[in-house]
Amino acid sequence: MKIKRAVITAAGRDQQELPLQRLVDRDGVAKSALEIIVEEAVAAGAHEIAVVVRPGDEALFGAAAGKSPTRLELIPQPEPLGYGHAVCCAHRFVGDEPFLHFVGDHLYVSDSSLRCAQQLVAVAEAEECAVSAVQPTRENMLPYFGAIGGRRVAHSRNLYDIDTVLEKPTPTQAEQELIVPGLRAGHYLCFFGMHVLTPTVFELLENGGDAGRRQLSSALGKLAGRERYLAFETQGNRYNLGVPYGLLTAQFALALAGKDRADVLSQLVELLARQPGSS
Amino acid sequence: MSTLVAIIAATDPAERNRSIESVCQGASPETLLAECAALEAFRRESPSLYERVRALFFLSCIHRYHLPTALVGRGAALIPHAGYELLLNRRFEEAIEAFLQHQADHGPSDALSSALAVSYRELGLQTLANQVRRSVRSLRGNQWMFRVGHPADHSLRIRPELLASRGTAAEQGKTFPVLRESTPVRMDLSHAGWSDIFFLGMDHPEGARVLNVSIDLGVHGRDAAPKPPVEAYLRVIDTPVLRLTSVDLGASAEISDLGEVFDFARDHLGLLKAAVIAAGIVPPGIEGSGASLADLLARVVGPGLGLELVSSVNNIPKGSRLAVSTNLLAALIAVCMRATGQARSLTGPLEEAERRLVAARAILGEWLGGSGGGWQDSGGIWPAAKLIRGVVATEGDPEFGASRGRLLPRHDPVPLGASLQDSLVLVHGGMAQNVGPILEMVTEKYLLRSAAEWNARVEAGEVLDEIISAVEAGDVPRISAATTRNFFGPIQTIIPWATNIYTETLIDRVRERFGSRFWGFWMLGGMSGGGMGFIVAPEVKAEAQAALAEIMADTKRKLQHALPFAMEPVVYDFAVNTHGTWCDLLDGSQAIMPAGYYVLTIPQLLKTDRRELSPSRRAELDSFGEACRTKPELSGMIHSLFDRLFPREVGGRTNLGELRATLAELGFDEVQHEQIRSDLHSGRIGLAQNRLPASSVIEDVQNQDVTGFDRGAVPDETMRRLGMEAIGRGEAAVVTLAAGIGSRWTQGAGVVKALHPFCRIAGRHRSFLDVHLAKTQRIARLAGGDVPHIVTTSHLTHRQIAEAGLPVILSPGRAVGLRMIPMARDLRFAWEELSHQVLDEQKQKVRDSIHAALINWAETSGEGNDYTDNISQQCLHPVGHWYEIPNMLRNGVLARLLTERPQLRWLLLHNIDTVGADLDPALLGCHISGGSALSFEVIPRRIEDRGGGLARVNGRVRLVEGLAMPREEDEFRLRYYNTLSTWIDIDQLLKVFGLSRADMLASVGPRAGEIAARIDAGIRAVAAKMPTYVTLKDVKKRWGQGQEDIFPVAQFEKLWGDMTALPEVSCRFLVVPRQRGQQLKDIAQLDGWLRDGSAAAVEALGDWT
């Protein structure tokens, strides 16, 4: 298996502006969030990248994606029919090959020398199957993520065989259906916003039967029943730009992991010291 | 190895199910104590919860039944107070250690065994209850709720469909949609001998089986058609509060403080609060966190928004045995879970996994609310008929390794081949009973594997198989035969108290009326008298419904003073519900609450300026107004609203004019009443002031202070002959005190205790008075004389006992008091200063909350004011048994007796519930030969004997009331307990009152007026020396459909035992066997009383006709 293409979805009603937000990356360079994601994809080996956007947003996103050495295609999602449908819009672009997929409103900071997407692609290529990046997440964040249930792969520290996938489960559902032995109580493996998917997912999405909005999670749940599908506990963290203070937190994470760490820290300390009431 | 340990540890079921009696019957004290030591060591070491629990019940049983018999003749002993304190504080392990240490130091005794029996039993029940709780908490789907400690931890969100009018829509005057859950109730065709008790399902899952059916219900003649009786409504509101309303209990509250959600007994909304918590909206883990409810609601529902939850049970009476409250709790939980996405479907039925979770959450909710039902009780959320079975725990279950069975059973549908509706007449008999003690009795009996009960349990299982097969075959007569066999066979073998004379009279009368067309009887739930079924041939069903209404009303009328009824009996219409619980989303103009909700809330809203109402509230009222004009079912709303706005004076409250008239008729002393009120207000009298001075020296009596009749020795033949001859000459009479209404027996409901048929003896249900008369008849026959039997009555009991037409002489009470609202000071003293049995964690929380509410009630209603907010029977009170003998002087009964029987010299005075007391010739002989004015019977103390005892007080031997003990621990220095049974020398007693026999004889002649004045003066003089105790009494206030509230009220009493403190009264104290002296005060005592041979001993004392 070789991953050559990446798909970034950025057509969601509530997330359309998020990829366009500008941040300062680890190297101290101001970029849009989309550009940072594109760089992540490129670093992972994707030579062709598609961004699914709302009709009319192509120019805006094209500019925000920066000057990438790869081919960039902007694909409009004609109607807002859900996340799954947005992925389907890239079917023609991807063709009959596995692909790397990102959501457009998450940023990633790796804890290792390899970027998060590089780690994921390496696992997918080695295991030759679909793999979703996951992160143990406290149950109070369940309303924001898809989550998986499964078993740890024998002799592996960070790979799981997926049995169940639920989109934004309630803690009640999660406790009953998303059991992962070995995880801390009250924690679940939630999606990282980054997947390597096989073309089967298009078939499942297109024949999903849902007349209305199509959800990727339900297709991924079915994928687990059709073929080998793993979850990979990535060494790194994801930052959801869409939650309250998400952008700010992501910026701090990037800055504190980058070359300007000392500067940012000292500014932070100064800020703290100037809190009202402090002398 | 000990035999009993071997039985518990056996793998062979035949050995494991051996009963304890087979080993302990007739064993020596040494053998029993050796078994106890082995069991004690075993229970401490065994890793298996059920081995430990069974060992605890074995230990309790040996100390309760076997050791006392083996230790007869060893005399009275003390119980260490320190151990008792530990027991009250539920520190059972430490209490057991304290008692065992005392046993090692001072040797075994009946008293100590009574303490150990209670401690082991309570520890056993606590261990089981803890296991159930642990299982509920550790159930997947429930665990997270105990981890949420802050609103930011909360991950539930309201379903978007319920926020449809959020934002602009609300401003435009639209209401939020309403989610309505409609749930049937369940009736069980058989619970296989109470096998649905959690503990039993978890101990022996194979035996835990119930067949239950979900039904819609209507009251025959009131409701047009049966419908799911339980409804729960939920909607979003535009205020950040929880608004809870119980339509049936007429209660509504807006809660803005998180702590109040956990305050279950503050109002009548405890069930709704428990549902909000058990559904995870306000998770149990957040209790006490200090978090803001508005923040939590903002997280779950949205900023500035709140939730409204409304319950309605279509006026189905309480105590129906149809698990209405558990199913209501389940419906409330289900609607909350649907609203927060915890069920896949917002509307329609639930999926199986969701039903199971709702059932588990209902168990959690019941635990939180301090109540508890069986595991079949939420069966209404499943459709139609199902077999509910215990499941063996396997690896991966949280119960595995701790208990044999899982907490939650499985539900398998059973095809209903028979049309039960055509034959079954479902009724509520109107009786109110507490099933709690019965469930504990069953648990204990099963864990002990008592032979008769264990065999009955097996038979109940066979009956269930027969019922299932008959249900599938559609053979209603066979079902009827099986349910009837179940009731008269295994159910009554296991718990004789499951039946009563009311139920059996109904069965007899229905059988008499319908002959072979009456197919059978069916007991619903834990005991009979409330919800019951009568199965008849289909062609007479309509006739039977009418007939049963008439028969029940008539039988109730005849027995209403003897048995506790909470309401008029009703006949139901019902239909099998094939959906189980079901939910609808009501939107637009349909989005309104049940009609009763508006009756409750509109009067309040009318007081509010329309401009201050929120837009959605205004829109809702417009929708409701429109619905009233167009929907025929709401046509009576205007009248209902008018009645609510201008309520009429209705029952449940005393007419003050009538009350004053009754008081005057009963000789109420207004001056004394005002004096007592003034003394109460000023603090001169009160609970704390009941006590003797703290400097009083309270010591145990010495052996020479008492005469022993308790050692099992043959009574002195001379004494026996002396007594027998006196009885033969007609010198003796019996006085039974029967002024009381069995407050403790009926938990405040009130029956004429003398007439209460409490037990079946010699083949028939017998009342307390029947039992006493049978004993008097026997003695009279043996002595060959005539023995008058006097019964003292009060305004509460006189007419009823007179109407019973028994061969007794009535001595009507001549003193009555008017109860008062208690002083908050006394309530605090009673609840905070005195020792009480601490309840398990959650129940204790509920009790504390009730106490706070009642103190608030006393303060806001006016401490020391007359208590008149109830029926007059509950407002008046008898003023203590001291007055009963003086009454006999005043009311002419003694004068008439002495005129008709000049030879009469001796009276035996005893309480109505001292069922073993009789005119024993040997004791009478002893009294005669002793020459004292009064001889009091005392018994060796056991742990349950609280409330005073025989003591040397500052050197004088006398009886001391528990109320008067300066320190609670003083009571534990006293070996003997007062039975109140007193032998009286009439002449000496008259002398105490400054009177003589001649005066009494003259009181019915021309000098009547003069003598009456002397009698009054004599009584007043002695009364002045008697202490007046202020006591608190629980009274029930009934309202609605079988609902009851219990209020503590203050009253005053003078007590007979204080006669022993008068220096001019010569007293002796006779130690009698326990079986003779023990009093039956509580229904929970009955089982032990039957089992320890006391009942048989009483039976042997009477001539039964």
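In the text below, chain A, chain B and the rest are named by the order of the sequence lines, each starting its count at 1.
Using a 4.5 Å cut-off between heavy atoms, A:Gln173 touches chain B through its side chain atoms alone. With a threshold of 4.5 angstrom between heavy atoms, B:Arg361 approaches chain A through side-chain atoms but not through N, CA, C or O. Of the two parts of B:Ala152, only the backbone, made up of N, CA, C and O, holds a non-hydrogen atom closer than 4.5 Å to a non-hydrogen atom of chain A.
Around atom CZ of A:Arg228, more than 12 heavy atoms belonging to other residues, nucleotides or ligands sit under 6.0 Å away. Residue-environment remark: CZ (B:Arg140) stays at or below the threshold of 12 foreign heavy atoms within 6.0 Å.
Applying a 4.5 Å heavy-atom cutoff, the residues of residues 177-192 of chain A that approach chain B are A:Glu177, A:Ile179, A:Ala185, A:Gly186, A:Tyr188. Residues of residues 236-246 of chain A never come closer than 4.5 Å to chain B when only heavy atoms are counted.
Per-residue counts of heavy-atom pairs under 4.5 Å with chain A were compared for B:Asn142, B:Leu156, B:Asp153, B:Leu139; the largest is that of B:Asp153. Contact count against chain A (heavy-atom pairs under 4.5 Å) is highest for B:Arg147 among B:Arg147, B:Gln342, B:Glu354, B:Arg157.
Rounded to the nearest 0.5 Å, atoms NE2 (B:His150) and CG (A:Asn140) are 10.5 Å apart.
No donor-acceptor pair under 3.5 Å is formed between the side chain of B:Gln143 and the backbone N or O of A:Glu175.
Pairing each heavy atom of A:Pro143 with each of B:Ser155, the nearest pair is CG-O, 3.3 Å.
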